[in-house]
Structure formats: C-alpha cells, structure tokens
J.: 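Here you go, one structure.
Order of the sequence lines sets the chain letters (A, B, ...), proteins ahead of strands, with each chain counted from 1. Everything numeric in this text was worked out from a predicted model, so none of it was measured.
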Protein chains: 2
Amino acid sequence: MDMTKKETKSFTPVECKTFIRPVRDVFDLIGGKWRLPIIIALSFKNHRFKELERQIEGITPRMLSKELKDLEINGLIHREVLNSRPVTVLYSLSDYGKSLDNVVVAMRDWGLIHRKRIINK
Amino acid sequence: MDMTKKETKSFTPVECKTFIRPVRDVFDLIGGKWRLPIIIALSFKNHRFKELERQIEGITPRMLSKELKDLEINGLIHREVLNSRPVTVLYSLSDYGKSLDNVVVAMRDWGLIHRKRIINK
DNA sequence: TATATCAGTATCCTAAAGTATACTGGTATA
DNA sequence: TATACCAGTATACTTTAGGATACTGATATA
C-alpha cells in the first residue's frame with residue numbers, strides 16, 4: 001500500500017480487513033494512556049520503579065504497577081530485582097520491546113510535524 | 001535514538017518528556033478502537049458511509065458518525081456530499097491523512113511479526 | 001401503497017479505563 | 001525512637017469509551 005498515490009487501487013474488502021487486523025493487535029498491546037510513555041522512558045535508559053514514577057508525569061503507582069505487569073507478560077519489558085538496600089527493581093526493554101522502535105519513531109516524527117502544524121494555525 | 005543498541009545513553013529527563021509529548025499527540029488523534037480501521041479503509045479506497053459501515057466489522061453507525069466527524073475536524077479526512085439519489089456522502093483521506101502512511105505501515109509490519117510470534121507459541 | 005436504501009441522530013446503558021487516597025512491610029538514616 | 005525511602009497493594013470512586021436499540025426524513029423501487 002502506498003497512500004501517497006492518488007489513483008484508486010483495486011482491492012478486495014478482505015484485503016482491507018487483513019490489513020486492519022495486525023494494526024489492531026499493536027494497538028491493543030501499546031494502547032492506553034501510559035504504555036507508550038513507559039516504553040519510551042525505558043528506551044532512554046533502564047529505570048527503577050520510583051524513577052519511572054517520577055519520569056512519567058501524572059502516573060500513579062497503581063497504574064504504573066499494572067501497566068508494567070502487562071508489558072512484562074507480553075514480553076516487551078524485563079523486570080529485575082536487585083539486592084540493594086532497600087530492595088530496588090530495575091525495569092528494562094526486552095529485545096522484543098526494542099523492536100518497536102520503528103513504530104515509536106514513526107509516531108514521533110509525525111507527531112512533531114503535527115505539533116508545528118497546530119501551532120502555525 | 002536507536003533502541004537497538006545496548007549501551008546506556010546519556011539523557012536528561014526533560015529530553016525523555018520531550019520525546020513522549022508528540023507521541024501522545026498522535027495517540028490522541030488516531031487512538032481509540034475505530035480510528036485506525038477507518039483510516040486504513042480509506043487508504044484502500046474512498047468509501048461512502050454505508051460502505052465503511054460494512055467494511056469495518058462491528059462498528060455501529062453511531063461510532064462511525066462520531067469518529068468521522070472527529071477525523072474531519074482534525075483534517076485527516078474529507079467529506080463530500082454527492083448529489084445522487086438517494087444522497088450519498090463520500091469520505092476520503094486528505095493529504096494530511098495520507099501522510100500517516102509511515103505510522104500505519106510501521107504498525108502493520110510490527111503487527112505481522114507479532115502475529116507470527118504469538119502463533120508459534 | 002408498502003418497502004428499501006441512503007446518511008445519519010437520539011436515548012439509554014454497560015464496561016472498562018483511569019484517579020484518589022491511604023496503606024503495607026522491609027530497611028536505612030538522623 | 002522517629003522519619004524517610006523503597007516497591008508496590010487495597011479500596012473506592014469517577015469518567016469516558018463504546019454498545020444496543022430504535023428512530024428520522026428524503027428518495028427510489030416493486
């Protein structure tokens with residue numbers, strides 16, 4: 001698919017549905033208010049729980065805890081308990097989580113253009 | 001940023017927040033259950049209201065109507081009333097909407113990989 | 001005349017997402 | 001001994017997204 005071309009493409013409704021499905025999957029995985037912020041924060045550096053709480057403005061420990069669990073279950077992040085005193089927990093992106101890079105960067109690039117457009121109105 | 005590298009990058013918390021903001025903006029614009037499906041359907045071909053309703057499985061006219069309005073307000077799609085009988089309305093992606101191509105394709109590519117991974121488990 | 005299609009709208013309701021606030025148990029520091 | 005930090009959890013609540021269902025008015029067709 002190349003949405004930059006104007007001419008109408010021949011397509012079947014099934015083909016369209018096939019295109020939608022995987023996009024929906026991604027959305028289910030990284031959707032919600034806090035998951036992308038968490039993923040981005042971890043892409044900058046590994047963070048402890050409290051560090052994430054401070055880095056991601058407005059998040060409550062309840063939501064942070066819940067979303068970290070979900071992301072871990074889906075294999076996007078790792079959780080490591082360090083034996084420091086007091087005990088700290090280090091969160092990091094898994095290789096699989098890192099592979100989301102293209103998606104995140106594409107979103108950011110478009111978002112930056114969008115910001116400029118909004119401001120110039 | 002390159003999330004494929006392992007070494008820790010120097011960064012400031014502010015830099016991270018600056019990265020998160022535009023991604024959030026995009027999310028607000030194309031988030032929700034139905035917006036991406038609508039955008040994708042329109043990237044395949046221009047659709048009338050009823051065609052979209054049939055193409056996008058499970059959507060109700062209420063949601064379709066609402067999301068089309070929001071997408072039009074944000075300049076991502078165009079709405080054109082045709083003087084046919086009965087009156088039909090044609091929806092199409094604007095150039096701005098088409099510029100989301102990179103984001104959508106990045107999501108789809110990753111989503112396809114993810115599907116394979118899930119199935120092989 | 002009855003029925004179907006078009007593009008929606010109106011009203012009500014449910015389920016999910018997210019917020020607020022307080023709390024836990026363990027350890028270290030003043 | 002009192003206080004603070006760590007990583008969360010518990011409970012209750014509000015808000016929002018989305019679903020169900022029925023309806024509108026205009027036109028065309030059987």
J.: To the nearest 0.5 Å, what is the distance between CG (A:Leu64) and CD1 (A:Ile38)?
T.: 5.0 Å
J.: Could you tell me the boundaries of the chain A footprint on DNA chain D, defined by atoms under 4.0 Å from its heavy atoms?
T.: D:dC6 to D:dA12
J.: What is the distance from CG of A:Asp70 to P of C:dA16, rounded to the nearest Å?
T.: 14 Å
J.: Base, sugar-phosphate alone, or nothing: which one does A:Thr60 contact when heavy atoms must sit under 4.0 Å apart?
T.: nothing
J.: Could you check how far CE of B:Met63 sits from P of C:dC13, rounded to whole Å?
T.: 19 Å
J.: Mapping A:Pro61 and A:Gly31 to their closest nucleotides on DNA chain C, which lands nearer the 5' end?
T.: A:Gly31
J.: Ignoring hydrogens and geometry, is there a side-chain-to-backbone donor-acceptor pair from A:Arg35 to A:Asp28 under 3.5 Å?
T.: yes
J.: Does B:Arg48 make a side-chain N or O approach to OP1 or OP2 of C:dA7 shorter than 4.0 Å?
T.: yes
J.: Whole Å only: how far is the CZ atom of B:Phe49 from the P atom of C:dG8?
T.: 6 Å
J.: What's the NZ-C1' distance between A:Lys69 and C:dG18, to the nearest Å?
T.: 16 Å
J.: A:Glu53 CD to C:dG18 P: how many Å, rounded?
T.: 17 Å
J.: Counting C-beta onward and ignoring hydrogens, is there a side-chain heavy-atom pair between B:Met107 and B:Leu36 closer than 4.5 Å?
T.: yes
J.: Please give me the minimum heavy-atom distance between A:Cys16 and B:Ala41, naming the atom from each residue.
T.: SG-CA, 3.7 Å
J.: Name the nucleic acid region contacted by B:Arg35, choosing base, sugar-phosphate or nothing; use a 4.0 angstrom heavy-atom cut-off, strictly under.
T.: nothing
J.: Rounded to whole angstrom units, what separation is found between the NE2 atom of B:His47 and the P atom of C:dG8?
T.: 15 Å
J.: Return no unless some side-chain N or O of B:Arg62 is found under 4.0 Å from OP1 or OP2 of C:dA7.
T.: no
J.: What does B:Gly58 touch in the nucleic acid at a heavy-atom separation under 4.0 angstrom: a base, only the sugar-phosphate, or nothing?
T.: nothing
J.: Rounded to whole angstroms, how far apart are CD on A:Glu67 and C1' on C:dA17?
T.: 9 Å
J.: Name the orientation class of the two ring planes belonging to B:Tyr91 and B:Phe49 (parallel below 30°, tilted from 30 to 60°, perpendicular beyond 60°).
T.: tilted
J.: Working to the nearest 0.5 Å, report the span between NE2 of B:His114 and CG of B:Asp109.
T.: 14.5 Å
J.: Please report the distance, rounded to the nearest Å, between NZ in B:Lys50 and C1' in C:dA4.
T.: 11 Å
J.: With DNA chain C as reference, determine whether B:Lys66 or A:Arg85 sits nearer its 5' end, using the nearest nucleotide of each.
T.: B:Lys66
J.: Grab the two heavy atoms, one from B:Ile20 and one from A:Pro37, that are nearest each other, plus how far apart they are.
T.: CD1-O, 3.8 Å
J.: Taking only the side-chain heavy atoms of B:Arg79 (C-beta and beyond), determine which of C:dA7, C:dT9, C:dG18 contains the nearest atom.
T.: C:dA7
